[in-house]
Amino acid sequence: MIDLRALRDDPETFRASQRARGADEHLVDTVLDLDARRREALAAFEAKRAEQKSLGRLVAQAQGEEKTELLARTKALAAEVKALEAEASELAQRAEAAAFEIPNLVLDGVPAGGEDDYAVLRHVGTPRDFAAEGVEVRDHLAIGEALRAIDTERGAKVSGSRFYFLTGIGARLELALLNAAMDKAVAAGLTPMITPTLVKPEAMAGTGFLGEHAAEVYHLPQDDLYLVGTSEVALAGYHAGEILDLSDGPLRYAGWSACYRREAGSHGRDTRGIIRVHQFHKVEMFVYARPEDAEAEHERILAFEEEMLDLVELPYRVIDTAAGDLGTSAARKFDCEAWLPSQERWLELTSTSNCTTFQARRLGVRERTEDGSTRIVATLNGTLATTRWIVALLENHQQADGSVRVPEGLRPYLGGLEVLTPVA
RNA sequence: GGAGACGUCGCAUAGUCUGGUCUAGUGCGCCGCCCUGCUAAGGCGGUAGGGGAGCAAUCCCCUCGAGGGUUCAAAUCCCUCCGUCUCCGCCA
């Protein structure tokens, strides 16, 4: 939810933001108009309501004929009040619905344009030259099957396409990655959390996932609950409706959860292996910060992600996502993409969004300021590890003999194992 | 799954039966001031959130778990939902 008062004060900034996203800028004027009408209707209702209340007080004290007469007046008033209230609340709903359509205001410096208009901020590490090494590149599924680590056939048998089993060393590898991520989070001062994966509509809507991406989300109609696509949803809802004390710095969490995605719009994309699946695990960072600290905190989260990528020794690049490719809630987003040797392209492994006050406004998360008043906080999120990392790990560390080298940072989580060897 | 009790402005509690000076009282906590060698005690005052109008002082509206309803008028009566607790059943 955008800041209506800010939109009223400076609509041009919002129009510019809409243009950068390739979204409809006239929506701003629709909201402006509805908001003006809403306030007008509200003032009319409130004036009439005040009259009704003061008259009501007289009724309580009056006796006999005077009372009868007052009752007649106040009875007529009641009908007017009811009508004005209905009008005001209808306009309030329409204004809010329109305001909900406007995605978050993009930050200065975010590249304009769509999916392909990202800016590459830097490259870290160098992809291996497999040809020079004499290694015939195999993709993660071929490697994973040889290691008896990934079983997509039985995943499909049990649950359908885009499901899989991680077996043996595959299961251990995922646990190793996620445990390493959790340890990293704890060392960095984040509070580890294991979160619900079924949430109420309010939590889902509050994080902005029921807008244009509603088709991506699993819904259980019998219980009106949603399966989360990320623990961000639960962690954002965690402090919903609360007034926080951020005087000792931001509140930083790391949520471990299963994630569920329908992948409704991605038929035919990444159908092989476990790159794009319906269910996976993730350790997600989530931060509540003061609005003026949000950009610094965003850099901090990005730094944690990069440290994690360094730990597993993956070559990657960092991109600054273009406005049109931002989620509804995000004002800026940095992705880290690891090199995928089998396809010779970059694969998103982490994504960190600065949602400024957009999510917190919907969810009613505020802080108590020095002067005793309250104001909306900023929220940020970022990936620390997911099941998908296994893909990049297997491919980048594969060796000529079909084995896979375990990066040193991960060895303590695999009982010191240095090499994953194919099962004969 | 069944039966019952409960949900009030940070915390605790009054108010609900019997609708109207409830414009939600009181205690604790917190903040300011006074008193006072210091501290404690005591005294006085202030202490929820959201929204609207206004240059401002200020005024008004909404919120007593949430949403509806009845009524001239709802914390109070009725309905639905959510949550907490107790007991029973069922399952671990």
Side-chain angles (χ1 to χ4, degrees), chain A residues 1-9 11 31-100 195-196 198-206 210 219-226 233-234 236-248 251 288 290-291 357-377:
Chain A
M1 179 76 167
I2 44 106
D3 184 349
L4 270 179
R5 219 170 266 174
L7 181 133
R8 229 185 276 160
D9 292 344
V31 171
L32 228 41
D33 175 55
L34 280 169
D35 182 56
R37 288 166 61 193
R38 178 201 127 238
R39 281 179 291 138
E40 200 179 319
L42 185 61
F45 156 67
E46 287 184 353
K48 201 53 94 175
R49 177 81 171 134
E51 192 182 339
Q52 182 192 32
K53 283 178 75 168
S54 64
L55 224 55
R57 256 169 251 138
L58 293 179
V59 172
Q61 292 165 356
Q63 297 291 330
E65 270 182 43
E66 193 191 355
K67 186 157 188 164
T68 318
E69 190 192 320
L70 276 172
L71 276 178
R73 281 173 59 195
T74 197
K75 205 158 190 166
L77 250 184
E80 287 181 61
V81 168
K82 202 166 185 176
L84 287 170
E85 184 175 26
E87 197 182 330
S89 85
E90 199 223 315
L91 274 166
Q93 268 178 30
R94 285 176 57 195
E96 187 176 59
F100 257 61
T195 65
L198 287 169
V199 300
K200 297 188 198 176
E202 300 92 277
M204 214 56 174
L210 288 187
H219 181 224
L220 278 63
Q222 242 182 326
D223 302 284
D224 199 19
L225 290 171
Y226 292 88
V233 178
Y238 187 69
H239 286 303
E242 297 182 16
I243 297 172
L244 307 176
D245 179 3
L246 298 180
S247 58
D248 292 330
L251 293 179
Y288 296 87
R290 290 180 166 166
T357 57
F358 190 87
Q359 282 182 335
R361 185 168 294 104
R362 279 190 185 180
L363 291 164
V365 188
R366 292 164 294 169
E367 68 152 329
R368 181 76 61 188
T369 58
E370 309 280 323
D371 66 11
S373 62
T374 64
R375 67 172 177 163
I376 306 287
V377 304

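To find a chain, count down the sequence lines: A is the first, B the second, and so on, and within it residues start at 1.
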About how many Å separate [atom2] of [Y] and [atom1] of [X], when rounded to the nearest 0.5 Å?
X        : Y        : atom1 : atom2 : result
A:Glu242 : A:Thr374 : CD    : OG1   : 13.5 Å
A:Arg290 : A:Thr369 : CZ    : OG1   : 8.0 Å
A:Arg375 : A:Thr357 : CZ    : OG1   : 10.0 Å
A:Ser247 : A:Glu367 : OG    : CD    : 8.5 Å
A:Leu198 : A:Tyr226 : CG    : OH    : 12.0 Å

Taking all atoms of both residues into account, what is the closest heavy-atom pair of [X] and [Y], and its distance?
X        : Y        : result
A:Thr195 : A:Ala234 : CB-CB, 3.7 Å
A:Pro11  : A:Leu32  : CB-CD2, 3.9 Å
A:Arg361 : A:Ile376 : N-CG2, 3.7 Å

Would you tabulate the side-chain donor-acceptor contacts of residues 89-100 of chain A under 3.5 Å, counting partners in other chains and residues two or more places apart, or write 'none'?
from	atom 1	to	atom 2	distance (Å)
A:Ser89	OG	A:Ala86	O	3.4

Candidates [options] - which lies nearest the side chain of [X]:
X       : options             : value
A:Arg57 : B:G52, B:C72, B:U23 : B:U23
A:Arg49 : B:C72, B:C61, B:G51 : B:C61
A:Lys53 : B:C61, B:G52, B:C82 : B:C61

Please report the distance separating the [atom1] of [N] from the corresponding atom of [M], rounded so that it comes out in whole Å.
N     : M     : atom1 : result
B:A5  : B:C78 : P     : 12 Å
B:U63 : B:A57 : C1'   : 27 Å
B:A12 : B:G89 : P     : 33 Å
B:U76 : B:U18 : P     : 14 Å
B:U84 : B:U26 : C1'   : 26 Å
B:G50 : B:C64 : C1'   : 15 Å
B:G29 : B:C85 : P     : 29 Å
B:A74 : B:G19 : P     : 14 Å

Protein-nucleotide distance ([X], atom [atom1]; [N], atom [atom2]), rounded to Å:
X        : N     : atom1 : atom2 : result
A:Leu58  : B:U23 : CG    : C1'   : 14 Å
A:Gln93  : B:G51 : CD    : C1'   : 16 Å
A:Lys75  : B:U70 : NZ    : P     : 13 Å
A:Leu55  : B:C61 : CG    : P     : 13 Å
A:Lys48  : B:A73 : NZ    : P     : 15 Å
A:Leu4   : B:G51 : CG    : P     : 10 Å
A:Arg362 : B:G50 : CZ    : C1'   : 19 Å
A:Asp245 : B:C30 : CG    : C1'   : 14 Å

Can you tell me the Watson-Crick or wobble partner of [N], both distances under 3.5 angstrom?
N     : answer
B:C6  : B:G83
B:A40 : none
B:C35 : none
B:C64 : none
B:C22 : none
B:A14 : none
B:U58 : B:A53
B:G29 : B:U47

* To do: Under 4.0 Å between any heavy atoms, over every strand shown, what does A:Arg8 touch: base, sugar-phosphate, or nothing? Just pick one.
  => sugar-phosphate
* To do: Would you indicate what A:Leu42 reaches in the nucleic acid, counting non-hydrogen atoms under 4.0 angstrom: base, sugar-phosphate, or nothing?
  => sugar-phosphate
* Structure fact -> Taking for A:Ala43 and for A:Ala47 the nucleotide of RNA chain B with the nearest heavy atom, the one nearer the 5' end belongs to A:Ala43
* Structure fact -> Comparing nearest nucleotides in RNA chain B, the 5'-proximal residue of the pair A:Ala60, A:Arg375 is A:Ala60
Does the side chain of [X] get closer than 4.0 angstrom to OP1 or OP2 of [N] through an N or O atom?
X       : N     : result
A:Arg39 : B:C60 : no
A:Arg38 : B:G51 : no
A:Gln52 : B:A73 : yes

* **A:Arg49 side chain to A:Gln52 side chain, donor-acceptor N/O pair below 3.5 angstrom** => yes
N/O donor-acceptor pairs under 3.5 Å from side chains in residues 34-42 of chain A, not counting sequence neighbours:
from	atom 1	to	atom 2	distance (Å)
A:Asp35	OD1	A:Arg38	NH1	2.4
A:Asp35	OD2	A:Arg8	NE	2.8
A:Asp35	OD2	A:Arg8	NH2	3.4
A:Asp35	OD2	A:Arg39	NE	3.3

* Yes or no on side-chain contact (heavy atoms from CB on, under 4.5 Å) for A:Lys200 and A:Leu225, after CA distance, side-chain angles and deciding distance? -> CA-CA 5 Å; A:Lys200 297 188 198 176; A:Leu225 290 171; 4.2 Å; yes
* Do side-chain atoms of A:Tyr288 reach the backbone of A:Arg366 as a donor and acceptor pair under 3.5 angstrom? -> no
For residues 67-84 of chain A, dump all side-chain donor-acceptor pairs below 3.5 Å to protein atoms at least two apart in sequence or in another chain.
from	atom 1	to	atom 2	distance (Å)
A:Thr68	OG1	A:Gly64	O	3.1
A:Glu80	OE1	A:Lys48	NZ	3.1

* Does A:Tyr238 OH have over 12 foreign heavy atoms under 6.0 Å away? -> no
* Asked: Heavy atom of residues 78-91 of chain A under 4.0 Å from RNA chain B: which residues?
  -> A:Ala78, A:Lys82
Give each protein N/O atom lying under 3.5 Å from an N/O atom of nucleotides 45-49 of chain B, with the pair distance.
from	atom 1	to	atom 2	distance (Å)
B:G49	OP1	A:Arg368	NH1	2.8
B:G49	O3'	A:Arg366	NH1	2.7
B:G49	O2'	A:Arg366	NH1	3.1

Can you tabulate the close N/O pairs, meaning under 3.5 Å, that link protein atoms to atoms of nucleotides 64-68 of chain B?
none

